[in-house]
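Throughout, numbering of the chain's residues begins at 1 and tracks the sequence. Only a predicted model underlies this, so the values are computations on that prediction, with no experimental measurement involved.
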Amino acid sequence: MRSQEPKTRYHISKSQIELMLYLLKYRFINSDLLAEVLKKDRSTIYERLSVLVKQGYIAKQYDSTFRLRGRSATYCLAPAGIRYLKHHDYERTQLHYKNKNFTDEQIDIQLLYIKIWLILRQHYPDKFYGYTKYQLNPSDYIKPTPHLKLEGKTNKIPDYLVEVFPAFTMSWRIRKRINMHCEMANDSEFTYPHLLLIAGNISTEKRIIKMTADLYAGFDIFTTSLDRLISGENDIWLRPEDVYLDEYEESVRGGLSTELSV
């Protein structure tokens with residue numbers, strides 16, 4: 001009878017666990033974004049990711065078409081990494097996902113929300129904690145759970161939920177999503193987060209403003225476009241209730257409120 005070779009058992013360092021927890025938080029990420037999240041050198045992050053790939057704890061998605069399409073390699077937890085976290089007191093339902101079923105488009109959405117968080121973190125340093133949908137309790141939010149939540153670091157700073165509506169999103173879909181937030185806010189015993197609604201283009205932002213200008217809800221709404229957000233400018237947000245669509249282009253934009261209304 002042939003003896004079975006024992007599987008190699010690798011020692012996992014604290015820095016490697018930290019990387020796996022970020023993959024749990026973001027689900028998919030590339031080395032550039034992870035380096036920016038951790039404020040570390042990209043080459044250092046790339047080496048650490050490569051070691052975890054070699055050990056089988058994370059998976060790397062890359063093939064010959066990526067270079068032609070201008071895509072960077074992305075990383076996610078592999079089954080061994082999921083099992084490791086699950087057996088070390090990270091028992092979460094989010095650990096039971098199947099990353100291999102995600103399309104490039106779905107991965108791009110995950111990466112976009114990381115970029116949005118990094119921009120907002122830069123604009124409002126030391127004001128917010130950033131939580132992804134994989135860290136939130138689904139029962140406390142509308143379904144599907146919002147991808148990103150900004151939580152004030154003190155009880156004097158309001159919380160925000162971030163929603164992205166790509167260009168050409170059907171108006172009824174936008175309206176339905178906003179109405180779901182309104183219903184959840186009405187049923188909630190707690191202060192509902194404000195909404196940051198990011199439109200894929202100017203036309204979509206105008207539609208959002210038109211359908212929310214007279215909306216009465218237990219939260220504030222702020223709108224902007226992806227181009228404005230990525231521009232790096234701070235004052236990019238509009239409050240629909242203060243905007244006249246005929247004067248949209250001349251509307252004065254501002255920043256987000258970092259103090260709760262009295």
Can you give the donor-acceptor pairs under 3.5 Å from side chains of residues 245-254 to other protein atoms, not counting sequence neighbours?
residue, atom, partner, partner atom, Å
Tyr248, OH, Glu205, OE1, 2.4
Tyr248, OH, Arg253, NH2, 3.2
Ser251, OG, Glu247, O, 3.1
Ser251, OG, Tyr248, O, 3.2
Arg253, NH1, Glu205, OE2, 3.2
Arg253, NH1, Ile236, O, 2.9
Arg253, NH2, Glu205, OE1, 3.1

Heavy-atom side-chain contact between Thr223 and Val243 under 4.5 Å: no
Taking every non-hydrogen atom, the tightest pair across Pro138 and Lys143: O-NZ, 4.0 Å
Non-neighbouring partners of Phe128 that pass ring pair (Phe, Tyr, Trp, His ring centres under 6.0 Å), sequence neighbours left out: Tyr160
Verdict with reasoning, Tyr84 to Gln55, per side-chain hydrogen bond (donor to acceptor under 3.5 Å, both in side chains): CA-CA 12 Å; Tyr84 180 90; Gln55 294 176 345; over 6 Å; no
NZ (Lys25) with more than 12 external heavy atoms under 6.0 Å: yes
Trace of the side chain to side chain contact (heavy atoms under 4.5 Å, CB included) decision for Ile114 with Leu118: CA-CA 6 Å; Ile114 302 174; Leu118 289 171; 4.2 Å; yes
Rounded distance (nearest 0.5 Å) linking atom NE2 of His181 with atom CG of Leu215: 11.5 Å
Qualifying salt bridge (Lys or Arg N to Asp or Glu O under 4.0 Å) pairs, either residue in residues 175-198, two or more places apart: Glu163-Arg177
OG-CG distance between Ser72 and Leu33, expressed to the nearest 0.5 angstrom: 8.0 Å
Same apolar cluster (I L V M F W Y, side chains within < 4.5 Å links), Met20/Val51: no
Tyr46 atom OH, neighbour heavy-atom count above 12 within 6.0 Å: no
Nearest-0.5 Å distance that lies between atom OG1 in Thr212 and atom CG in Asp220: 11.0 Å
Side-chain donor/acceptor of His123 to backbone N/O of Gly232, under 3.5 Å: yes
Sequence-distant partners of Ser188, side chain to side chain contact (heavy atoms under 4.5 Å, CB included), two or more places apart: Phe190
Lys149: partners by salt bridge (Lys or Arg N to Asp or Glu O under 4.0 Å), with sequence neighbours left out: Glu151
Minimum side-chain heavy-atom gap Ser15-Arg48 below 4.5 Å: yes
Heavy-atom side-chain proximity of Tyr75 to Leu23 below 4.5 angstrom: yes
Cluster overlap Leu49 with Tyr57, hydrophobic side-chain contacts below 4.5 Å: yes
Heavy-atom pair of closest approach, residues Thr258 and Ile157: O-CG1, 3.4 Å
Sidechain-backbone polar pair: Asp159 side chain, Gly152 backbone, donor-acceptor under 3.5 Å: yes
Set of ring pair (Phe, Tyr, Trp, His ring centres under 6.0 Å) partners for His147, sequence neighbours left out: Tyr113
Criterion side chain to side chain contact (heavy atoms under 4.5 Å, CB included) on Cys182 and Phe219, from CA distance to verdict: CA-CA 8 Å; Cys182 292; Phe219 50 80; 3.9 Å; yes
Any pair counted as ring pair (Phe, Tyr, Trp, His ring centres under 6.0 Å), so long as it reaches residues 16-44, sequence neighbours left out: Phe28-Phe102
side-chain hydrogen bond (donor to acceptor under 3.5 Å, both in side chains) partners of Thr204, counting only residues at least two apart: Asn201, Arg207
Straight-line distance of Ser171 OG to Ile208 CD1, nearest 0.5 Å: 9.0 Å
Side-chain heavy-atom pair Leu229, Ile198 within 4.5 angstrom cut-off: yes
Pairs flagged by salt bridge (Lys or Arg N to Asp or Glu O under 4.0 Å) wherever residues 105-115 is involved - sequence neighbours left out: Arg71-Asp108
Heavy atoms of other groups near Lys153 NZ, more than 12 under 6.0 Å: yes
Side-chain touch Pro146/Lys133, heavy atoms, less than 4.5 angstrom: no
NZ or CZ of Arg121 within 45° of Tyr124 ring axis and under 6.0 Å: no
Stepwise side chain to side chain contact (heavy atoms under 4.5 Å, CB included) test for Val164 and Leu112: CA-CA 9 Å; Val164 176; Leu112 174 60; 4.2 Å; yes
From CA spacing to verdict: side chain to side chain contact (heavy atoms under 4.5 Å, CB included), Leu148, Leu196: CA-CA 10 Å; Leu148 179 63; Leu196 302 185; over 6 Å; no
Student check: side-chain heavy atoms of Ile174 and Met170 closer than 4.5 Å: no
More than 12 heavy atoms from other groups under 6.0 Å of CG on Asn186: yes
Closest heavy-atom pair and its distance - Pro158, Ser257: CG-O, 3.5 Å
Leu238 side chain near Thr224 side chain, heavy-atom distance below 4.5 Å: no
From Lys60 atom NZ to Leu52 atom CG, the distance as rounded to the nearest 0.5 Å: 13.0 Å
For the student: nearest non-hydrogen atoms of Ala80 and Gly56, plus distance: CB-O, 3.2 Å
Joint hydrophobic cluster, Leu19 plus Ile82, side-chain heavy atoms closer than 4.5 Å: yes
Test item: Leu120 and Leu150 side chains (from C-beta on) under 4.5 Å apart, heavy atoms: yes
Residues in salt bridge (Lys or Arg N to Asp or Glu O under 4.0 Å) contact with Glu18, at least two apart in sequence or another chain: none
Linked, directly or transitively: Met180 and Ile221 (ILVMFWY side chains, under 4.5 Å): yes
Side-chain donor or acceptor of Gln106 paired with backbone N/O of Thr103 under 3.5 Å: yes
Salt bridge (Lys or Arg N to Asp or Glu O under 4.0 Å) involving Asp227 - partner list, sequence neighbours excluded: none
Between CD on residue Gln122 and CG on residue Asn234, distance to nearest 0.5 Å: 8.0 Å
Exercise: identify the closest heavy-atom pair between Tyr129 and Trp117: C-CH2, 3.8 Å
For Glu241, all residues meeting side-chain hydrogen bond (donor to acceptor under 3.5 Å, both in side chains), sequence neighbours excluded: Arg239
